[in-house]
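I have placed the structure first, in the form of structure tokens, so that the comments after it can refer back to it.
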Amino acid sequence: MYGSFSEDGFLVIRNAIGSELLLEIYREIFNLLSGPAHSETSCTPEDIYELFCKKVAKLSVSEFEFQRPIWDWLSYRGLVEKLLKEPKLYDVFAGLMGKDLSYLDAPSLNLNLPSKNSPHKNYLFKDWHQEIWSGSDIRTIQMWTPIFQKGYDNGQIEIIEGSHGWGHVPHKNRSPISLPNKFKTKKIKLNKGDVIFFSTLLMHRSLKCENPRLASPILIKNFKNYSHSFEDNRNWIIFSY
């Protein structure tokens, strides 16, 4: 673990998700994509990623509609809650927000494709933004972790250092109207199983990828805190009480 959440606006946890749980998640995705007649529990992560790449190469729906059933299935199978209760992750949540915790049960997967490395081509590929623009409270925390990616140093997300101290950045159509003339950025490099937590005030964006990438951004909050936004109108699931 490195970084200070209050000072840096983010925190990176290495090896936060165990290999057994990752493999379980991969296999559930494999079974969903291949269908029950071809379900296989002995396939390797490489086999699963290969099938994933074949599926996204022939997309007949939007990236959002492709990832929606995957998220719904992982949530139904209890794997989202299981992931959030991984000891290293749970300790961070509890340390920052207490133990009355819930997560946003929205399709929380980002599918990025090499042919659509632009927010104009893919809604799930994001330019500079703050999570509060989408209604998140300033006390809610965003976590982000790569699920599928070939070459984990091959672009993921980028942050503007110290931007969580700027407060609410003026924007139009979820694009900043203006930014400071000078600011320092940092490209976040995560291996599978690594997780970054960051403030909903931290400016961040997607980085271009050379191969298909599936990542999971999940919003976490203490459900006993009064919300100063409209995020309570969305569906939150309690996983720690």
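Computed over heavy atoms, backbone and side chain alike; hydrogens, waters and symmetry mates excluded.
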So do the side chains of Tyr49 and Pro212 get within less than 4.5 Å of each other, counting heavy atoms only? yes

Do Ile160 and Trp128 pass the side-chain contact (heavy atoms from CB on, under 4.5 Å) test, and can you show the C-alpha distance, the side-chain angles, and the key distance before you say yes or no? CA-CA 9 Å; Ile160 297 181; Trp128 289 121; 3.4 Å; yes

From CA spacing to verdict: ring pair (Phe, Tyr, Trp, His ring centres under 6.0 Å), Phe223, Tyr241: CA-CA 9 Å; Phe223 58 83; Tyr241 189 86; 5.7 Å; yes

Classify the angle between the aromatic ring planes of His129 and Trp133 as parallel (below 30°), tilted (30 to 60°) or perpendicular (above 60°). tilted

Just so I know, are the side chains of His164 and Phe198 near enough to count as touching, which here means a heavy-atom distance under 4.5 Å? no

Lys/Arg-Asp/Glu bridge criterion (N-O < 4.0 Å) met for Glu28, Arg77: yes

Any donor-acceptor N or O pair under 3.5 Å, side chains Asp105, Trp71: yes

Specify the closest pair of heavy atoms between Gly167 and Gln130, including all atoms of both residues, with the distance to one decimal. O-NE2, 2.8 Å

Ile196 and side chain to side chain contact (heavy atoms under 4.5 Å, CB included): which single residue from Leu11, Ile157, Ile13 fits? Ile157

Check: Asp137 and Thr200 side chains under 4.5 Å, non-hydrogen atoms: no

How about Phe10 and Phe5: do any of their side-chain heavy atoms sit closer than 4.5 Å? no

Between Asp47 and Thr44, is there a side-chain donor-acceptor contact under 3.5 Å, judged purely by atom types and distance? yes

Check this for me: does any side-chain nitrogen of one of Lys116 and Glu63 sit under 4.0 Å from a carboxylate oxygen of the other? yes

Can you list the steps and then say if Glu131 with His204 is a side-chain contact (heavy atoms from CB on, under 4.5 Å)? CA-CA 9 Å; Glu131 292 302 320; His204 60 287; 2.9 Å; yes

Using the benzene-type ring in the case of Trp, are the ring centres of Phe148 and Tyr26 under 6.0 Å apart? yes

Can you tell if the side chain of Ile188 reaches within under 4.5 Å of the side chain of Glu158, non-hydrogen atoms only? no

Are Glu231 and Arg234 ion-paired here, with the side-chain N under 4.0 Å from a carboxylate O? no

Please tell me whether Phe93 and Phe197 form a close aromatic pair, meaning their ring centres lie under 6.0 Å apart. yes

Minimum heavy-atom distance between Asp127 and Pro119, given as atom pair plus value: CB-CG, 4.1 Å

Just wondering, do Arg213 and Leu111 contact through their side chains at under 4.5 Å, heavy atoms? no

Are Lys126 and Arg205 packed together at the side-chain level, in the sense that at least one heavy-atom pair is separated by less than 4.5 angstrom? no

